[in-house]
Protein chains: 2
Amino acid sequence: MTAEATPLPVRATLEDVARTAGVSLATVDRVINRREGVRAKTVARVEAAVAKLGYRADIAAARLARGQSFRFAFVLPTGGNSFMTNLTEQVRHTAEWLAGQRGFIDIIHVDVFDPDVLAGALETLSPAYQGVAVIALDHPRVRAAIDELSARGVAVVTLVSDAPSSRRLHYVGIDNPAAGRTAATLMGRYLGGQEGTVAVIAGSLSLRDHAERQFGFSQILSSEYPNLRALPALEGRDDSERTRELTATLLARHGDLRGIYCCGAGNRGIADALEASGRAREVVWITHELTQHTRRFLVRGTCDAIINQDPGHEARSAARVLLAHCSGEPISPDQERIRIDIFLRDNLP
Amino acid sequence: MTAEATPLPVRATLEDVARTAGVSLATVDRVINRREGVRAKTVARVEAAVAKLGYRADIAAARLARGQSFRFAFVLPTGGNSFMTNLTEQVRHTAEWLAGQRGFIDIIHVDVFDPDVLAGALETLSPAYQGVAVIALDHPRVRAAIDELSARGVAVVTLVSDAPSSRRLHYVGIDNPAAGRTAATLMGRYLGGQEGTVAVIAGSLSLRDHAERQFGFSQILSSEYPNLRALPALEGRDDSERTRELTATLLARHGDLRGIYCCGAGNRGIADALEASGRAREVVWITHELTQHTRRFLVRGTCDAIINQDPGHEARSAARVLLAHCSGEPISPDQERIRIDIFLRDNLP
DNA sequence: CTGTTAGCGCATTCAT
DNA sequence: ATGAATGCGCTAACAG
């Protein structure tokens, strides 16, 4: 099979199309960008020329000529856990990249866990922003703030945590019930047919993502693994110390504790309690988000699997979706779908 | 926390820099692009201006002015299995995207499994290509062909299957030994402490990726799960019918068969044999690549886990790496690392 | 309805 | 060692 001798790599320009269609640049532009006021006959001539020459617009030139630039706000939590720190870092990288594409990102830190504060921040956002990405809360005031931004023509994407009934353009994040189900399947399979108790620790069940994970987890565990009994979810407030105490109590109280599913943060507390108890190897512990800490626990064997969402992918995806929307380009859903990653010690990146 | 009132979203241009540095456009350009022939003092002045204004080059404008375009060849297998079909499709999508960035991809189909044919195709490749992505074979003649292309200044990336000792620029694909280890851990954990036999079916052990997966798998299985005995790998030549026969024989011969790891293709044969035997539910089957077929087997419960590499990501990554190299831009390794995905029925995309 | 024209921000001759 | 001028391919006024 010989490689075909490749001909000229010349690319047709708008001028070429104009010439072969026998019209002017402006007319071609009108046809290409589907603007009004061109006779059907002319449209046809231009389209024929486009087809004949295989014309594709040079998007760099188009962007340059259009001269528009974009300004986006990313509303992220103040402080926050390792995952949020990673996410912030990735948003910074993305900002750097976007700056080359005439897009500017401001990172605005607020206490995203307080609905009033979050809503307030959204309400007072500078009108200079054409788009905002926000770690949302599914709360009436937040929804209202998002809807008002949308009504003002601002593109809003929710990031990591959704506000499904709002008028946000797009949600960038994982399917949390599915993530919970994934954890449950892994837990059920790892425990084989063993009988026993499984604990669920969330940060707060009023956080939609935590609640959804818990829901998905319990659903599969109870329907598919009747040998395992899931305890009611405990709330560790994403705080390591509090989570450590909860875990220690759990271990003391339930001699038949076979597994722990943590659908929030505070993982250092779980690791401490588990390792202190001497039962780290026999208890299957599954948690969320790959961080420097959870990675260590996984490698060490204390943790058995990590369900992850890639903050780099999420940051880039949010920026791409916002940019595409604001410049009227399509997005490829395939590329923007955030995966539910499963990490074992063997496939760590 | 109120959102800061955002000031002017104006972006500094080269002209701005030139003006505040009191020099001409050309001089700024020389400094920015680290060209020779500028007095140190002038360089300093320009750099100060750049820093002061926070200047970032507009990459759209730069690309346009440079006016260079790129032509890449993707060498893919003729025919091929579902995975390869998906990959080809994704390369087509990528080509469409690249066309907007002055990059052109030609897909060249060859029998990549024959080293001589593959090497021949590479050797006779039109010199019009600045880059080529190839599903490599780790064979002396192929290596030599890759090295010669590299010597001619052509950027070569290997795709999915590597030729590690060649002078390729970059490998776009997963870490196959790690993928095998991942499968082994899953297999070991799913089988709990059960004693028994585990079969390994490869397409061909002379394919480097298959061999590496098999290696990783056996390594972990024998060191961590002494209760399981891995049979010597069988070769199904990625052919469903042949693989079906192998599987049927395996099932008939080994009453204690607990698991099957397929590190190649031919999955439909495995599913058929497994389902015909009535032991589909008790035998743990782990395979590679998410396709329309393997997805069905996973949902149905015949297959227990799929180790996957994302062909869309791979196609885009290859194109990005080639483009970045040819236009002297850096790549972000983080984004180009191909993940070893694990899919259970719960986290299917 | 259609054509002319002037940039967009940068790279690149060619002068000086 | 530095500057002035030209054009990349396209969009958007503005004319006709």
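- Between the side chain of A/Glu123 and the backbone N or O of A/Ala144 there is no donor-acceptor pair closer than 3.5 Å.
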Please list, one pair per line, the donor and acceptor atoms closer than 3.5 Å that link side chains of residues 147-156 of chain A to other protein atoms, with sequence neighbours excluded.
{"from": "A/Asp147", "atom 1": "OD1", "to": "A/Arg167", "atom 2": "N", "distance (Å)": "2.6"}
{"from": "A/Ser150", "atom 1": "OG", "to": "A/Ile146", "atom 2": "O", "distance (Å)": "3.0"}
{"from": "A/Ser150", "atom 1": "OG", "to": "A/Arg167", "atom 2": "O", "distance (Å)": "3.2"}

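- An angle of 40°, rounded to 10°, separates the two end axes of the helix from C/dC1-D/dG16 to C/dT16-D/dA1, each defined over five pairs.
- In terms of heavy atoms, A/Gln309 sits closest to A/Pro311 at O-CD, 3.0 Å.
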For this session: Give the C-alpha distance, both sets of side-chain angles, the deciding distance and a yes or no for salt bridge (Lys or Arg N to Asp or Glu O under 4.0 Å) between B/Asp29 and B/Arg35.
Result: CA-CA 8 Å; B/Asp29 179 67; B/Arg35 283 187 260 269; 2.5 Å; yes
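- Within a 6.0 Å radius of CD in A/Glu15, no more than 12 heavy atoms belonging to other residues, nucleotides or ligands are found.
- Rounded to a whole Å, the CZ atom of A/Arg63 is 15 Å from the P atom of C/dC10.
- Judged by distance alone, with hydrogens and angles left aside, the side-chain atoms of B/His313 form no donor-acceptor pair with the main-chain N or O of A/Gln335 at under 3.5 Å.
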Review item, side-chain donor-acceptor pairs of residues 54-63 of chain B, under 3.5 Å, at least two apart:
{"from": "B/Arg56", "atom 1": "NH2", "to": "A/Glu96", "atom 2": "O", "distance (Å)": "2.9"}
{"from": "B/Asp58", "atom 1": "OD1", "to": "B/Ala60", "atom 2": "N", "distance (Å)": "2.8"}
{"from": "B/Asp58", "atom 1": "OD1", "to": "B/Ala61", "atom 2": "N", "distance (Å)": "3.1"}
{"from": "B/Asp58", "atom 1": "OD2", "to": "A/Arg102", "atom 2": "NE", "distance (Å)": "2.6"}
{"from": "B/Asp58", "atom 1": "OD2", "to": "A/Arg102", "atom 2": "NH2", "distance (Å)": "3.4"}
{"from": "B/Arg63", "atom 1": "NH1", "to": "B/Glu329", "atom 2": "OE2", "distance (Å)": "3.4"}
{"from": "B/Arg63", "atom 1": "NH2", "to": "B/Gln101", "atom 2": "OE1", "distance (Å)": "3.2"}

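- A donor-acceptor pair is defined here as one N or O able to donate and one able to accept, closer than 3.5 Å; such a pair exists between the side chain of A/Asn308 and the backbone of A/Leu290.
- Around CD of B/Glu89, the count of heavy atoms belonging to other residues, nucleotides or ligands within 6.0 Å exceeds 12.
- The side chain to side chain contact (heavy atoms under 4.5 Å, CB included) test with A/Val28 is passed by exactly one of A/Leu25, A/Val31, A/Ile32: A/Ile32.
- Heavy-atom distances under 4.0 Å link DNA chain C to A/Gly37, A/Val38, A/Arg39, A/Thr42 of residues 37-62 of chain A, given in residue order.
- Between B/Tyr171 and B/Val160, the shortest heavy-atom contact is OH-O, 3.1 Å.
- B/His325 has its side chain out of reach of B/Val157: every pair of non-hydrogen atoms, C-beta onward, lies at least 4.5 Å apart.
- B/Thr94 has its side chain out of reach of B/Phe72: every pair of non-hydrogen atoms, C-beta onward, lies at least 4.5 Å apart.
- Spacing between atom CD of B/Gln68 and atom C1' of D/dG9 amounts to 15 Å, rounded to whole angstrom units.
- Contacts of residues 24-33 of chain B with DNA chain D (heavy atom under 4.0 Å): B/Ser24, B/Ala26, B/Thr27, B/Arg30.
- Atom pair A/Leu64:CG and D/dT11:P shows a separation of 11 Å (rounding to whole Å applied).
- At a non-hydrogen distance threshold of 4.0 Å, B/Leu14 from residues 14-22 of chain B come into contact with DNA chain C.
- For C/dT12, the OP1/OP2 oxygens have a side-chain nitrogen or oxygen of B/Arg35 closer than 4.0 Å.
- For the OP1/OP2 pair of D/dG9 and a distance below 4.0 Å, the side-chain nitrogens and oxygens of B/Arg102 include at least one atom meeting the criterion.
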